[in-house]
Trainee: 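What follows is a structure written as structure tokens; I'll ask about it next.
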Amino acid sequence: MIKAFSFLLVAFILLLTLPIAIGLGGGLFGLIIGLIGGLIGLLFGILGAIIGAIAWIFKSIFHLLFGWHTGFDHHYHWFHFNGCIFTAIIILILIVAFSKRK
């Protein structure tokens, strides 16, 4: 009788703790997958920031040369004719500089 009672007691305890164990296992699995996903997101975020910085440099150069703007009526009128005069001045300086070397 005691042997059967102890068997039923152990089975009852396992029956109660099995959902808790499954829940903890699922929670730990989710935590690990979430950390891996966060790490991948961090790496691609840094890569995107680097590419964005490089693109920003080229965009700034082209905006300075050609006077492009944002398109939301926020123009930078440093030079008239959409920046073409500034570009023409740079080209003339380069032509004069390279023609005097010959």
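Computed from a predicted model, the values in this text were never measured in an experiment.
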Trainee: Within this structure, what is the CG-CD1 distance for the pair L35 and I40, rounded to the nearest 0.5 Å?
Mentor: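 L35 CG to I40 CD1: 11.5 Å, rounded to 0.5 Å.
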Trainee: Measuring from atom CG of L24 to atom OG1 of T17, what distance do you get when rounded to the nearest 0.5 angstrom?
Mentor: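 Result: 10.5 Å between the selected atoms.
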Trainee: L16, I22: one ILVMFWY side-chain cluster at the under-4.5 Å cut-off?
Mentor: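 L16 does not cluster with I22.
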Trainee: Taking atom CD1 of I90 and atom CD1 of I93, what is their separation to the nearest 0.5 Å?
Mentor: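 Reported to 0.5 Å precision, the distance equals 7.0 Å.
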Trainee: Tell me whether I20 is reachable from L9 by hopping between hydrophobic residues (I, L, V, M, F, W, Y) whose side-chain heavy atoms are closer than 4.5 Å.
Mentor: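 Different hydrophobic clusters.
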Trainee: For the atom pair CG (L94) and CD1 (I89), what is the distance rounded to the nearest 0.5 Å?
Mentor: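 With rounding to 0.5 Å, CG (L94) is 12.0 Å from CD1 (I89).
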Trainee: Hydrophobic clusters here meaning ILVMFWY residues chained together by side-chain heavy-atom distances under 4.5 Å, can you tell me if F44 and I51 are in one?
Mentor: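 Both belong to a single hydrophobic cluster.
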Trainee: Give, for atom CD1 of I32 and atom CZ of F29, the distance between the pair rounded to the nearest 0.5 Å.
Mentor: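 These two atoms lie 8.0 Å from each other.
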